[in-house]
Every structure is written in structure tokens, then in C-alpha cells.
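Notes for the one structure printed next.
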Amino acid sequence: MDIANQLQRQFMDYSTSLHREGFVDDQFTQLQKLQDENSPDFVVEVASLFFEDCEKLINNMARALEQQQGVDFKQVDASVHQLKGSSSSIGAMRVKNVCIAFRSFCEAQNREGCLRCLQQVTHEYSLLKNKLQTLFRLEKQILAAGGSIPIVE
Amino acid sequence: MAIAAEVLPSGSQELHVLAVDDSHVDRKVIEKLLNISSCKVTAVDSGTRALQFLGLDGEKGSLGLNGLKVNLILTDYSMPGMTGYELLKKIKQSSAFREIPVVIMSSENILTRVDRCLEEGAEEFLVKPVKLSDVKRLKEFVMRGKTEENKGRRVHKRKFEDDSHPPSSSSSTPSSSTPSSPLLPPPLTAAPFACDIAASELPSSPLRSWKRSKLRDSD
């Protein structure tokens with residue numbers, strides 16, 4: 001049980017840092033609260049769907065921004081809008097914030113600004129993915145050690 | 001009739017909700033919220049599929065039996081192809097399904113959008129991300145409607161009979177034969193919640209949900 005306690009403390013510290021650094025917001029906590037015996041992998045599953053979404057949408061944005069004969073900013077914006085929605089639903093705050101800035105550049109039809117945002121959003125997405133994978137790994141370890149996963153607000 | 005009333009499944013608390021959203025992430029989350037609230041969920045990814053499910057897609061073959069069991073429709077606003085607003089219109093145009101409450105969800109809290117949806121007959125406009133408290137509240141609202149349905153709407157009829165003093169209906173609930181005119185302000189006595197006031201009357205505020213003022217109130 002000592003190991004479980006240690007791991008739990010590690011988990012709580014890590015969770016707190018994710019919130020503090022803005023990687024996730026309260027919506028993420030709400031999702032964690034929804035997880036129960038009926039859906040013990042709910043958060044992992046939602047996160048997987050989110051990362052799939054990210055990859056698909058980032059690719060769409062990149063392709064649209066590459067068009068030499070003229071960028072269809074409406075198309076870029078449509079993808080950013082979707083990404084903003086998904087990130088909001090999962091509580092991926094930093095990704096969401098980049099999307100907000102990204103949309104302004106789309107509206108201004110500013111290709112350079114869009115490309116910078118694309119870079120940023122790609123960066124934030126991969127940061128978040130790593131962080132959440134670490135978090136989920138900790139959860140697995142806690143469960144394996146016989147402990148339960150604390151909810152950190 | 002009393003015996004029939006006892007046999008009626010008014011105790012069957014399981015609502016069937018049709019959720020419409022093109023986002024896979026959102027579908028999964030809304031499904032979970034509804035499951036936790038003991039609702040049966042059918043989640044589809046487009047307005048077209050929603051209409052198919054209800055049997056409203058014009059296919060002669062579909063009997064639309066699925067639609068008979070839907071108690072609430074929750075739809076995203078911005079979807080490719082058919083928007084939630086267009087879906088709402090189609091549902092309200094259908095004699096079979098116009099009574100089913102439709103709630104619009106949107107990540108954008110745009111007043112003109114809210115107005116348009118409420119005017120078209122949406123029960124409520126929710127700003128995403130949808131919370132468990134939203135779902136619980138919606139469920140209660142639908143359950144109330146179901147209970148009143150089971151009572152044969154006697155409650156409403158009685159109200160209108162009481163209020164039928166044609167010249168002097170000042171203080172009572174305005175008896176209106178049409179269920180529309182959602183933007184009329186409610187009588188001063190009967191609006192306990194800020195969000196019962198018509199959307200267009202509110203200053204831009206951080207409210208997350210917008211409801212039609214209910215002429216047929218549940219008091």
C-alpha cells in the first residue's frame with residue numbers, strides 16, 4: 001500500500017502541475033469525474049479521440065495553408081473551429097487558446113500568422129499528448145499497486 | 001381509466017435521447033453525460049442521419065418507428081451539410097415530431113444565433129461544453145412534460161378554463177392557442193429564473209443557457 005500511496009502522491013502532484021501550467025482546465029476534471037465502473041477507460045478513450053482529431057485537423061490546416069495558388073482561409077478556419085471545439089470539450093486549454101488566436105489570423109487572412117499558429121498548435125498538441133500519456137501511465141501504476149485514482153481539482 | 005393509469009409506464013423513467021454532433025469527441029462526452037443520467041442514447045454524426053433515424057428522410061420504406069420513442073433531441077449547431085438549425089426546422093415542420101423538445105448546443109454564444117433557434121422552436125440553447133447539470137435539468141424538464149402528458153394535459157386545460165375571462169386577463173398566464181410566440185416576456189409573477197426571459201431582452205451576459213419563456217409553465 002505504501003507504493004500505491006507514493007504513486008498517488010506523484011499523480012496528484014503531476015495533475016496539479018498540469019492544471020497550474022494550463023495544459024488542462026476544469027473541463028478535464030469534469031471528464032475525470034464522469035469516469036466510473038461502467039466506463040473505466042472513459043478519459044483515455046476521449047483523449048484518444050481528441051488526438052486523432054488533432055492529427056487529422058492539423059493535416060487539413062497544413063494542406064490548406066500550403067496552397068500556392070491562394071489559401072482558402074475559410075477552409076483553414078473551419079478546421080481550427082473544429083479543433084477549438086474538441087479542445088474545449090476535453091479541457092485542453094492551451095490548445096484551445098492557440099485556436100482562438102489562430103481564428104483571428106484566419107479572419108484577417110494572414111498566412112504568416114496562420115503558419116505560426118499552426119506551428120504552435122502542433123507543439124501544444126504534442127506536449128499535451130506526452131503529458132496525458134504520463135498521467136495515464138501513473139493511473140495504471142496506481143491501479144496495479146492496488147490503489148485508487150484520486151480526483152484532483 | 002384509473003386502472004389504466006396505474007398500468008401506464010409513467011414510472012418508466014428511461015428517456016430516449018437522440019444526440020446529433022459531427023464531433024466524435026463531443027458525441028462521446030454527451031453520450032456519457034446522458035448514460036450517467038440514466039438516459040438511453042442514440043448518437044449520430046449528422047442531421048441527415050438524425051432524420052433517417054426518425055424516419056423523416058423521405059424514404060417511403062422507413063416507418064419511423066425509431067422516432068416514436070425519442071423524448072429529446074440534442075443537436076450541435078455547426079455541422080457540415082445540415083446545420084442544427086436546419087435540422088430543428090425540419091423537425092418542427094413535421095407533424096409527427098414537432099412536439100419533441102429540441103435543444104441546440106453550440107460552442108459560440110452568439111445572440112442572433114440563439115434568437116433564431118429559440119424562435120424556430122428550440123427549447124433551449126446550451127453553450128458548450130455541456131455539463132452534467134445541464135443534462136440533469138433537461139431530463140427533469142422532459143420528465144415533467146411526460147408526466148403531464150400522462151395526465152392527459154388536464155393541467156393545461158384547467159388553466160385556460162380558469163383564465164377565460166376575455167377582457168380582464170391581466171394577471172393570469174396569457175392563454176394562447178398557439179404554442180409559439182416564444183419571445184413574449186413572461187408575466188411578472190411567474191419567472192423565477194433569469195434564463196426564462198427571452199434571449200433578446202437580456203443584455204449580453206455570461207449566461208450559458210437560453211430558454212424560451214414558457215407560457216405553459218409547470219407550476
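All figures in this text were calculated on a predicted structure; none of them were measured in a lab. To find a chain, count down the sequence lines: A is the first, B the second, and so on, and within it residues start at 1.
With a threshold of 4.5 angstrom between heavy atoms, Gln30(A) does not approach chain B through any atom at all.
In this structure, Arg113(B) fails the cation-pi test against Phe125(B), since its NZ or CZ atom is not both closer than 6.0 Å to the six-membered ring centre and inside 45 degrees of the ring normal.
For the side-chain hydrogen bond (donor to acceptor under 3.5 Å, both in side chains) with Arg94(A), the lone residue among Gln120(A), His123(A), Glu21(A), Glu124(A) that qualifies is Glu124(A).
Residue with the most contacts toward chain B among Lys84(A), Glu52(A), Glu45(A): Glu45(A) (heavy-atom pairs, distance under 4.5 Å). The candidate with the highest count of non-hydrogen atom pairs below 4.5 Å against chain B, out of Val46(A), Leu31(A), Leu34(A), Asp53(A), is Leu34(A).
With Glu124(B) contributing its side chain and Trp210(B) its backbone, the two residues share no donor-acceptor pair below 3.5 Å.
Interatomic distance, Lys128(B) NZ to Ile104(B) CD1, rounded to the nearest 0.5 Å: 11.0 Å.
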